[in-house]
Structures are given as structure tokens and as C-alpha cells.
Amino acid sequence: MSKSKVIITCAVTGSVHTPTMSPYLPVTPRQISEQAIAAAEAGASILHLHARNPADGRPSADPAVFMAFLPIIKQASDAVINISTGGSSLMALDDRLAAALRAEPEMCSLNMGSMNFGIFPMAKPGVEWQHPWEPELLEATRSTIFKNTFADIEDILKRLGDGCGTRFEFECYDVGHLYTLKHFHDRGLVKGPLFIQFVLGILGGIGADPENLVHMKRIADKLFGNDYHFSVLAAGRHQMPLITMGATFGGNVRVGLEDSLYLGRGELAKSNAEQVARIRSILEGLSLEVATPAEARKMLALKGGDRVAF
Ligand code: KMH
Ligand code: ZN
């Protein structure tokens, strides 16, 4: 697809990091909405959102928790709201879908394969955890699978895509996931312009190496031609270098504390907006223009912020 403006997605809190790891990780609906709104003001045109239990920061799938921040963000910002259907890799699929089915957002994430999703290396010995659930959740990923079968994917496409007019951020953690997406594209169950997120650096997925990013792009070009836009996210310290690389060859970018808690080496990001501002200044320094929410909606053929259920 010919180069247009760069969409900045901000993934505000996720379910990978835990409160002990950073005091800046938003947890309550108020923290999530404030950081999301500030990220949009800094230049993010898509906000990728998860929820957490306000009492202890544990990942939550409760639609009521989502509804405590979605309308607030919508009222204060024109950014596209994208609700995770990945939730946490330990949640059951029906739970993962409940908030999105309730809110009928313009976008949802859609994870393109079952995989190991290992965040257990972050459960380092000697850490004084604020909550017992934190090391337990991390450790549990040593022996659990992030389940996204063909049937699960088809179910999400039908219920959210056909049922709610929601379009997707297709999360591809390895090259095989691109072929799975192609399978659904060939069957006419997904329609372009696709928005493919190349996810690099998750333990269990493709590594955060520049060669892998080039390969993902090459294969996506071969499979989807002009019928897609790509975006890049990279975990941890790989975030800024690899998303910058993606932008230099026509990609969109994703930042946010879901993917990295840092702004630079050894420096925690004090907010999501700080990371958005950082990538924005890098993009503008490269003479790349940042897409507004309206431009992102047009590029991705979204239904519009007035057609959601919150
Ligand atoms: N946590 C990211 C690596 C989802 O929310 O559906 C991928 C993600 C998945 O954002
Ligand atoms: Zn997510």
C-alpha cells in the first residue's frame, strides 16, 4: 500500500506488566482514562485498551470496569478506541470477548494463533511484590497456552466483525500467523484494508531482530499486496528502535506501557503520553507525518466513533 501518514497506536496498560514493575502503569479506570486521553492529545490516533481490577491491578475482563473508562475517553477525545480481545493469556475466550461485545467498538485486537506467551522471566527472585497475584500470573505462563484456534478466530470475526461492524488489529507474532490471516482473507472472512500488527519480541513468538521485521514485511507484501497496512510493536527495550525501523519502510507504530515500561535505557516512562511524544518527535524528525484519528479512520475503513455502544 502506498505510503500515507503514520498511525500511532498507544496500548495504554495491557496485561503483561504488573504494578510493582512501574508506579506509572495505569490501573484504575481514572488512571487509564487520564493516560489514554493524554496519549491521544500527544498524537496517538488509536488507543488499544485493556482493563484492570482497580483494587489490585490484576488484568480484568469485566465489562463494567471497561464501561467505567470507555465513555470518559470517548467524551474527551476523538481517538479510535480499540478493545483487546486477547485480554490476558490466562482468561477464557468468552470472558475475553465480553467487554468488546458490550461496547461494539470501532476496532478490536485479534490474535492470529495459539502460542506460548512467556512472561515468566519477569518473575525474578528477590522482588518485593505488592500483590501475590503478580509473580503467580507471570509464573503461570510457563505452562499455559495463549489459545487462539481457527475456530476462536472465526468466532470473533463473526461475532464482532459481522455482528458489530468492528474492524481488527490483526496481531501476528510470527510469520505463520500471516498465513493464517491469509487463509481467512482467501475465504472472504476478512476484508481489506487489513491492519496487521507485527509483534516482535514476545517469548514464544518471533524475536525482536531487524531481519525478522524485514521478513514479516516481505511475506505480508507477498500475501496481501496492496490490501494491507502494517504496524510494528516490539517488546521492552526493542520498542523504539524497531518501530522506528518499521516507520522508515512504510509502517505504522505502536507504543504504550503494555509493550514497554521504558522511555530509554534504565528510564521508566512516566506516562503513555511520554512514549507517544517520543515516537512522534522521531517520526517528525524523519519528515513523516502523523495521522489524525479522522485520517486513521479513513485509512482503515472504520465505522466511525458515533457507531459504538458506549
Ligand atoms: N500484549 C501484546 C504483545 C491483545 O491485546 O490482544 C499483544 C496484544 C494482544 O496487545
Ligand atoms: Zn493488548
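Note that the coordinates shown come from a computational prediction; the quantities given were computed from them, not determined experimentally. Heavy atoms only: backbone and side chains are in, while hydrogens, waters and symmetry mates are out.
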**Prompt:** Hey, mind stepping through H185 and K191 against side chain to side chain contact (heavy atoms under 4.5 Å, CB included) and telling me if it holds?
**Reply:** CA-CA 6 Å; H185 192 248; K191 296 202 170 55; over 6 Å; no
**Message:** Within this structure, what is the NZ-OG1 distance for the pair K298 and T292, rounded to the nearest 0.5 Å?
**Reply:** 10.5 Å
**Prompt:** Does L213 belong to the same Ile/Leu/Val/Met/Phe/Trp/Tyr cluster as I196, with side-chain heavy atoms less than 4.5 Å apart forming each link?
**Reply:** yes
**Request:** Answer yes or no: is there a side-chain heavy-atom contact under 4.5 Å between I243 and V255?
**Result:** yes
**Distance-only polar pair, side chains of Q197 and S231, donor-acceptor under 3.5 Å** = yes
**Message:** Distance check, rounded to the nearest 0.5 Å: N272 atom CG versus Q31 atom CD?
**Reply:** 11.5 Å
**Request:** For side chain to side chain contact (heavy atoms under 4.5 Å, CB included), just list the numbers for R237 and R265, CA-CA rounded to whole Å, side-chain angles, deciding distance to a tenth of an Å, and then say yes or no.
**Result:** CA-CA 7 Å; R237 68 190 161 84; R265 189 188 293 262; over 6 Å; no
**Request:** Determine, stepwise, if the pair L194 / F184 fulfils side chain to side chain contact (heavy atoms under 4.5 Å, CB included).
**Result:** CA-CA 11 Å; L194 307 177; F184 287 106; over 6 Å; no
**Prompt:** With no hydrogens and no angle check, is any side-chain donor or acceptor of E106 less than 3.5 Å from a backbone partner on G304?
**Reply:** yes
**Asked** Short question: side chain of N252, backbone of F230 - any donor-acceptor pair under 3.5 Å?
**Response** yes
**Request:** Could you note down all residue pairs passing side chain to side chain donor-acceptor pair (under 3.5 Å) where residues 71-80 supplies at least one of them, sequence neighbours left out?
**Result:** D78-R297
**Message:** Check whether T166 reaches the backbone of P105 with its side chain - one donor and one acceptor, N or O, closer than 3.5 Å.
**Reply:** yes
**Prompt:** Within the side chain of R167, is there an N or O that forms a donor-acceptor pair under 3.5 Å with the backbone of L300?
**Reply:** yes
**Asked** Same cluster or not: are L138 and M91 linked, directly or through other Ile, Leu, Val, Met, Phe, Trp or Tyr residues, by side-chain heavy atoms under 4.5 angstrom apart?
**Response** no
**Message:** Could you check whether any side-chain N or O of N82 sits under 3.5 Å from a backbone N or O of S109, counting only pairs where one atom can act as donor and the other as acceptor?
**Reply:** yes
**Complete:** Nearest heavy-atom approach of M67 to A309 is CE-O, 4.2 Å
**Request:** Report yes or no: does R187 contribute a side-chain atom to a donor-acceptor pair with the main-chain N or O of K182 at less than 3.5 Å?
**Result:** no
**Item:** I153 reachable from F146 in the ILVMFWY side-chain graph, under 4.5 Å edges
**Value:** no
**Request:** Might you work through the side chain to side chain contact (heavy atoms under 4.5 Å, CB included) test for I219 and L223, ending with a clear yes or no?
**Result:** CA-CA 6 Å; I219 297 299; L223 297 178; 3.8 Å; yes
**Asked** Is the backbone of G204 close enough, under 3.5 Å, to the side chain of N116 for a donor and an acceptor to pair up by distance?
**Response** no
**P29 versus F69, closest heavy-atom pair with distance** = O-CB, 3.6 Å
**Request:** Kindly say whether I32 contributes a backbone atom to a donor-acceptor pair with the side chain of Q35 at under 3.5 angstrom?
**Result:** no
**Request:** Mark yes when over 12 heavy atoms from residues, nucleotides or ligands other than L189 sit less than 6.0 Å from its CG; otherwise mark no.
**Result:** yes
**Prompt:** Ion pair present between E154 and K158, side-chain N to carboxylate O less than 4.0 angstrom?
**Reply:** yes
**Request:** State whether the side chain of H50 and the backbone N or O of G87 hold a donor-acceptor pair below 3.5 Å, judged by distance alone.
**Result:** yes
**Request:** Specify whether F198 and Y228 have parallel, tilted or perpendicular ring planes, treating 30° as the upper limit for parallel and 60° as the lower limit for perpendicular.
**Result:** tilted
**Message:** Hydrophobic clustering (ILVMFWY, side-chain heavy atoms < 4.5 Å, transitive) - are L263 and L242 grouped together?
**Reply:** no
**Message:** Among T141, L90, L203, I202, exactly one meets side chain to side chain contact (heavy atoms under 4.5 Å, CB included) together with F117. Which residue is that?
**Reply:** I202
**Prompt:** Salt-bridged, D94 to R159, with N to O below 4.0 Å?
**Reply:** yes
**Prompt:** Any side-chain donor-acceptor pair under 3.5 Å between H17 and E258?
**Reply:** no
**Message:** Working note: F150 + H183, criterion ring pair (Phe, Tyr, Trp, His ring centres under 6.0 Å); need CA distance, chi angles, decisive distance, verdict.
**Reply:** CA-CA 10 Å; F150 286 97; H183 163 84; 5.7 Å; yes
**Beyond-backbone contact of I8 with R280, side-chain heavy atoms, under 4.5 angstrom** = yes
**Asked** Is it true that E295 and K5 have a side-chain N and a carboxylate O under 4.0 angstrom from each other?
**Response** yes
**Asked** Under 4.5 Å between any side-chain heavy atoms of Q275 and K270, yes or no?
**Response** no
**Message:** Quiz question: by atom type and distance under 3.5 Å, do the side chains of E171 and N111 form a donor-acceptor pair?
**Reply:** no
**Prompt:** For L283 and A247, which heavy atoms make the closest approach, and how far apart are they?
**Reply:** CD2-CB, 3.5 Å
**Prompt:** For the atom pair CD1 (I46) and CE (M107), what is the distance rounded to the nearest 0.5 Å?
**Reply:** 4.5 Å
**Joint cluster assignment, V16 & Y262, ILVMFWY side-chain distance < 4.5 Å** = yes
**Message:** With a 6.0 Å cut-off (strictly less than), is the heavy-atom count around CD of E139, excluding the residue itself, greater than 12?
**Reply:** yes
**Request:** Flag the pair R218 / V214 as yes when at least one side-chain heavy-atom distance between them is below 4.5 Å, and no otherwise.
**Result:** yes
**Message:** For a quick test of reading the model, state the closest non-hydrogen atom pair linking V65 to A51 and the distance between them.
**Reply:** CG1-CB, 3.9 Å
**Request:** Please examine the side chains of V80 and L47, heavy atoms only from C-beta on, and report whether any two atoms are closer than 4.5 Å.
**Result:** no
**Message:** Within the structure provided, determine whether L25 and T13 are in side-chain contact (heavy-atom separation under 4.5 Å).
**Reply:** yes
**Prompt:** Do L70 and I83 come within less than 4.5 Å of each other through their side chains, counting heavy atoms only?
**Reply:** yes
**Asked** How many angstroms lie between CG in L181 and CG in L178, if you round to the nearest 0.5 Å?
**Response** 7.0 Å
**Asked** If we only count heavy atoms from C-beta on, is the V232 to K217 side-chain gap below 4.5 Å?
**Response** no
**Complete:** All heavy atoms of A99 vs all of F66, minimum pair found to be CB-CD1, 3.3 Å
**Prompt:** If only atom types and distance count, is the side chain of H177 paired as donor or acceptor with the main-chain N or O of Y173 below 3.5 Å?
**Reply:** yes
**Message:** I'd like to know if R58 and E134 make a salt bridge, using a cut-off of under 4.0 Å between side-chain N and carboxylate O.
**Reply:** no
Donor-acceptor pairs are to be reported for all side-chain atoms of residues 120-132 against protein atoms at under 3.5 Å, with residues two or more places apart or in another chain.
unit_1: H131; atom_1: NE2; unit_2: D56; atom_2: O; d: 3.3

**Non-hydrogen atoms of V12 and L257 that approach each other most closely** = O-CB, 3.7 Å
**Asked** Atom CD1 in I156, atom SG in C108: separation rounded to 0.5 Å?
**Response** 8.5 Å
**Asked** How long is the gap from CD on E169 to CD1 on I7, to the nearest 0.5 Å?
**Response** 10.5 Å
